[in-house]
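To find a chain, count down the sequence lines: A is the first, B the second, and so on, and within it residues start at 1.
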Protein chains: 2
Amino acid sequence: MKNNNINITKRERDCIITIGKNRNQSFPTRISFIAKSLDMKMPTVEEIIKRLVEKGLVQKEAGMVLLTEKGNNCYEEIIMKHRVMETFLFECGVNADEACREVSRFDYLIDSESADKIIEKIGKPEKCPHGFKIIESKR
Amino acid sequence: MKNNNINITKRERDCIITIGKNRNQSFPTRISFIAKSLDMKMPTVEEIIKRLVEKGLVQKEAGMVLLTEKGNNCYEEIIMKHRVMETFLFECGVNADEACREVSRFDYLIDSESADKIIEKIGKPEKCPHGFKIIESKR
DNA sequence: TATAATTGTTAGTATTATCCTAATAATGAA
DNA sequence: TTCATTATTAGGATAATACTAACAATTATA
């Protein structure tokens with residue numbers, strides 16, 4: 001009730017978002033892809049992924065980086081929190097992609113219980129305002 | 001426009017809030033007081049304050065820890081962001097002191113420009129919902 | 001005032017998260 | 001098979017957060 005369900009860091013969040021976004025793509029998610037997406041070097045990504053594996057959120061399979069069920073839940077939660085907050089900011093008059101960038105800094109810090117309550121107030125948006133993709137902010 | 005005006009860490013934020021909250025109190029703000037308030041040891045606080053002095057947000061005077069003008073502006077900004085977000089969460093049905101605790105995790109990450117826009121939407125609350133004091137969250 | 005208690009500071013460490021380069025290993029493509 | 005890409009490991013570096021121990025300075029009190 002008081003804290004977030006899963007404790008992750010900003011960069012772990014970024015990696016989860018990158019992997020999750022790429023789930024249903026034709027090409028598999030690889031360390032190199034995540035590194036390119038987030039403008040990081042591969043060993044840096046390797047280390048963050050290592051931690052996510054330890055936390056049971058990610059698994060490696062034949063060179064691919066996949067979300068576990070737990071990781072997928074975590075991803076869905078962050079996306080939900082992100083969209084809800086972003087929609088709110090957008091309705092306040094913040095530019096859509098600016099709102100996206102900004103919310104990326106703290107979406108993962110929002111309580112799930114709070115996010116649920118915000119949803120009741122604001123509705124569950126299926127996508128970012130204006131259809132912008134959720135970005136993994138570069139630090 | 002894209003980033004926050006001043007770059008501070010979570011703990012720097014906590015210290016600024018503690019000092020700012022104590023500004024007009026009869027007793028001066030000391031390292032020991034901040035340490036007690038935030039449940040940290042004095043050398044830890046000393047180091048964070050050292051960084052805040054380097055950033056021009058805090059100054060030391062006769063054993064007292066004071067906010068500079070810049071530091072005071074920073075404090076006012078965070079408080080504003082905090083209250084506005086907290087009010088929003090409260091209106092969504094989140095318990096007042098829970099909202100306070102939660103918002104303390106990310107208030108300092110909100111853009112000033114966004115906060116201004118939220119204010120136009122939600123009004124400028126003079127105090128937290130239910131009059132709870134803004135707390136410096138314990139990590 | 002002398003002593004005790006509280007505060008402040010410095011030194012020295014530790015941990016975690018982020019990052020990197022360089023080297024090597026493995027895999028895939030041509 | 002050779003080249004290129006990708007993955008991994010090793011080895012560092014830095015910043016933020018935290019601590020204990022030791023000592024200095026200040027304040028309070030007996």
Side-chain angles (χ1 to χ4, degrees), chain A residues 3-4 6-19 22 25-66 74 78 104-106 108-109 136-139, chain B residues 3-4 6-19 22 25-66 74 78 104-106 108-109 136-139:
Chain A
N3 238 2
N4 260 335
I6 297 158
N7 250 359
I8 54 170
T9 66
K10 177 60 169 56
R11 278 316 207 182
E12 287 168 2
R13 175 252 179 228
D14 290 343
C15 284
I16 288 168
I17 295 294
T18 305
I19 301 164
N22 203 243
Q25 232 64 39
S26 52
F27 58 97
T29 306
R30 295 168 159 285
I31 298 285
S32 56
F33 173 77
I34 301 170
K36 266 173 223 144
S37 301
L38 297 175
D39 197 26
M40 293 194 282
K41 301 294 172 185
M42 284 171 67
T44 308
V45 174
E46 196 91 39
E47 200 164 339
I48 293 162
I49 295 299
K50 196 190 77 194
R51 286 206 311 268
L52 287 172
V53 169
E54 277 162 12
K55 289 181 183 183
L57 297 166
V58 158
Q59 66 190 94
K60 281 185 180 184
E61 222 179 274
M64 294 179 294
V65 180
L66 304 166
C74 181
I78 298 171
S104 299
R105 289 204 296 263
F106 60 81
Y108 69 107
L109 296 171
E136 326 84 356
S137 68
K138 308 202 168 174
R139 200 145 170 72
Chain B
N3 237 1
N4 262 331
I6 296 160
N7 250 359
I8 54 170
T9 66
K10 177 60 169 56
R11 277 317 207 181
E12 287 168 2
R13 175 254 179 227
D14 290 342
C15 284
I16 288 168
I17 296 293
T18 306
I19 302 164
N22 203 243
Q25 232 63 38
S26 53
F27 59 97
T29 306
R30 297 169 158 284
I31 299 286
S32 57
F33 173 77
I34 301 170
K36 265 173 226 146
S37 301
L38 297 175
D39 197 27
M40 294 193 282
K41 301 295 173 183
M42 284 173 67
T44 308
V45 174
E46 196 92 38
E47 199 164 342
I48 293 162
I49 294 300
K50 195 191 76 193
R51 286 206 311 269
L52 288 172
V53 169
E54 277 162 13
K55 290 182 182 181
L57 298 166
V58 158
Q59 66 191 95
K60 281 186 179 182
E61 224 178 272
M64 293 179 296
V65 181
L66 304 166
C74 181
I78 299 171
S104 299
R105 288 204 296 264
F106 60 82
Y108 70 107
L109 296 172
E136 324 86 355
S137 67
K138 306 200 169 175
R139 196 145 175 67

Quick one, which residues of residues 45-62 of chain A touch DNA chain D with a heavy atom under 4.0 Å?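 The answer is A:Glu46, A:Lys60.
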
How many Å lie between [atom1] on [X] and [atom2] on [N], as a whole number?
X	N	atom1	atom2	answer
A:Phe33	D:dT5	CZ	P	18 Å
A:Asn7	C:dT16	CG	P	14 Å
B:Ile8	D:dT17	CD1	P	10 Å
A:Phe27	D:dT6	CZ	P	12 Å
A:Ile34	D:dT5	CD1	P	20 Å
B:Arg30	C:dT6	CZ	P	14 Å
B:Ile31	C:dT9	CD1	C1'	9 Å
A:Met64	D:dT8	CE	P	13 Å

For a quick check of understanding: with a heavy-atom distance under 4.0 Å over all strands, which category does A:Thr44 fall into, base, sugar-phosphate or nothing?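 A:Thr44: base contact, heavy atoms under 4.0 Å.
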
Is there a side-chain contact between A:Ser32 and the phosphate of D:dT5, meaning an N or O under 4.0 Å from OP1 or OP2?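 Answer is no, no contact under 4.0 Å.
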
Would you say A:Thr9 reaches C:dT18's phosphate, i.e. side-chain N/O to OP1/OP2 under 4.0 Å? yes

Between B:Arg13 and B:Ile78 the two heavy atoms that sit nearest each other are CG-CD1, 4.1 Å

Considering non-hydrogen atoms only, spot the tightest contact between A:Thr18 and A:Glu136 and give its length. OG1-CG, 3.0 Å

Can you pull the ring-ring contact (aromatic ring centres under 6.0 Å, His included) pairs that have at least one residue in residues 34-53 of chain A, sequence neighbours excluded? none

Return all side-chain donor-acceptor pairs below 3.5 angstrom for residues 32-54 of chain A, not counting sequence neighbours, or 'none' if the list is empty.
from	atom 1	to	atom 2	distance (Å)
A:Ser37	OG	A:Phe33	O	2.8
A:Glu46	OE2	A:Lys60	NZ	2.7
A:Arg51	NE	A:Glu12	OE2	2.5
A:Arg51	NH2	A:Glu12	OE2	3.1

Near DNA chain C, counting only heavy atoms under 4.0 Å, which residues of residues 35-42 of chain A show up?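 Close to the strand are A:Met40, A:Lys41.
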
Go through the steps to decide whether B:Tyr108 and B:Ile17 satisfy the test side chain to side chain contact (heavy atoms under 4.5 Å, CB included), and finish with yes or no. CA-CA 10 Å; B:Tyr108 70 107; B:Ile17 296 293; over 6 Å; no

OG-CG distance between A:Ser104 and B:Leu109, expressed to the nearest 0.5 angstrom: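 A:Ser104 atom OG to B:Leu109 atom CG measures 11.5 Å (nearest 0.5 Å).
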
Go through the steps for A:Ile31 and A:Val65 under the test side chain to side chain contact (heavy atoms under 4.5 Å, CB included), then give the verdict. CA-CA 7 Å; A:Ile31 298 285; A:Val65 180; 4.0 Å; yes

Determine whether the side chains of B:Ser137 and B:Lys10 contain a donor N or O and an acceptor N or O closer than 3.5 Å.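 Present: a donor and an acceptor within the cut-off.
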
When the nearest nucleotide of DNA chain D is assigned to A:Thr29 and to B:Pro43 on a heavy-atom basis, which residue is associated with the more 5' position? A:Thr29

Tell me every residue that passes side chain to side chain donor-acceptor pair (under 3.5 Å) with A:Glu61, counting only those two or more places apart in sequence or in another chain.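 With sequence neighbours excluded, A:Glu61 shows a side chain to side chain donor-acceptor pair (under 3.5 Å) to A:Gln59, given in chain and number order.
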
